[in-house]
Amino acid sequence: MTAFTLADLERIVAERATSADAKSYTASLYAKGIGKASQKLGEEAVETVIAAVSGDKQGVISESADLLYHLLVVLGISDIKLEEVLEELDRRTAQTGLEEKAARGHD
C-alpha cells in the first residue's frame, strides 16, 4: 500500500498553483479559472465512467487519478479544503446512506 494520500496531492496542487513555471499544468488551470477547471473535472468524470462501463480496469485507475487531481484543483480554486469534504463525508456516514439521502431531500 502506498503512503501517498489525497492530503499529499492537495499540498502539491496548492504549491504548484502559484508556480511561475510556464510548464506547470496546475498553474495554468488556476490561471484559467474555475470554469476551465470545472470543465476538465467533468471531462475526467465522463472518461472514468466510460472506462468503468467498458470494463477497462487500468483505464478506471488512470482516469480516477485524473479525476481526483482535477477535483482537488476545483476545490483549491474554490477555496475549499479537502478536510471540509472529509468532514462532510464523516457526517454523512454517521447514519445509513438511505437515512442521509432522505435527510437531504434528494431522490
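All heavy atoms count here, side chains included; hydrogens, waters and symmetry mates do not.
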Under a single-linkage definition using a 4.5 Å side-chain heavy-atom cutoff for Ile, Leu, Val, Met, Phe, Trp and Tyr, are [X] and [Y] assigned to the same hydrophobic cluster?
X	Y	value
Leu9	Leu89	yes
Ile50	Leu68	no
Ile80	Tyr69	yes

Going by heavy atoms in the side chains, are [X] and [Y] under 4.5 Å from each other?
X	Y	value
Ile12	Phe4	yes
Lys40	Tyr25	yes
Leu41	Val73	no

Original post:
Which pairs, with at least one residue in residues 74-85 and sequence neighbours excluded, count as a side-chain hydrogen bond (donor to acceptor under 3.5 Å, both in side chains)?
Top reply: none

Identify the two heavy atoms, one from [X] and one from [Y], that lie closest to each other, and give their separation to 0.1 Å.
X	Y	answer
Ala37	Ile77	CB-CD1, 3.6 Å
Val13	Thr26	O-CG2, 3.6 Å
Asp66	Glu44	CB-OE1, 3.2 Å
Ser24	Ala27	OG-N, 3.1 Å

Subject >> Ser54 (side chain) donor-acceptor with Ala51 (main chain) under 3.5 angstrom >> reply: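 Yes: the side chain of Ser54 pairs with the backbone of Ala51.
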
Which pairs of donor and acceptor atoms, one on a side chain in residues 56-64, lie under 3.5 Å apart (sequence neighbours left out)?
{"residue": "Asp56", "atom": "OD1", "partner": "Gln58", "partner atom": "N", "Å": "3.4"}
{"residue": "Asp56", "atom": "OD1", "partner": "Gly59", "partner atom": "N", "Å": "2.8"}
{"residue": "Ser64", "atom": "OG", "partner": "Val60", "partner atom": "O", "Å": "2.6"}

**OP:** Identify whether the distance between the nearest side-chain nitrogen and carboxylate oxygen of Glu88 and Arg92 falls below 4.0 Å.
**Re:**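 Result for this pair is yes, salt bridge flagged.
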
Subject >> Approximate separation, where rounding is to 0.5 Å, of Thr48 OG1 and His70 NE2 >> reply: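 That separation rounds to 10.5 Å.
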
**OP:** Measure the CG-CD distance between Leu72 and Glu10 for me, rounded to the nearest 0.5 Å.
**Re:** 6.0 Å

**OP:** Verify whether one side chain among Thr18 and Tyr30 offers a donor that lies under 3.5 Å from an acceptor in the other.
**Re:** no

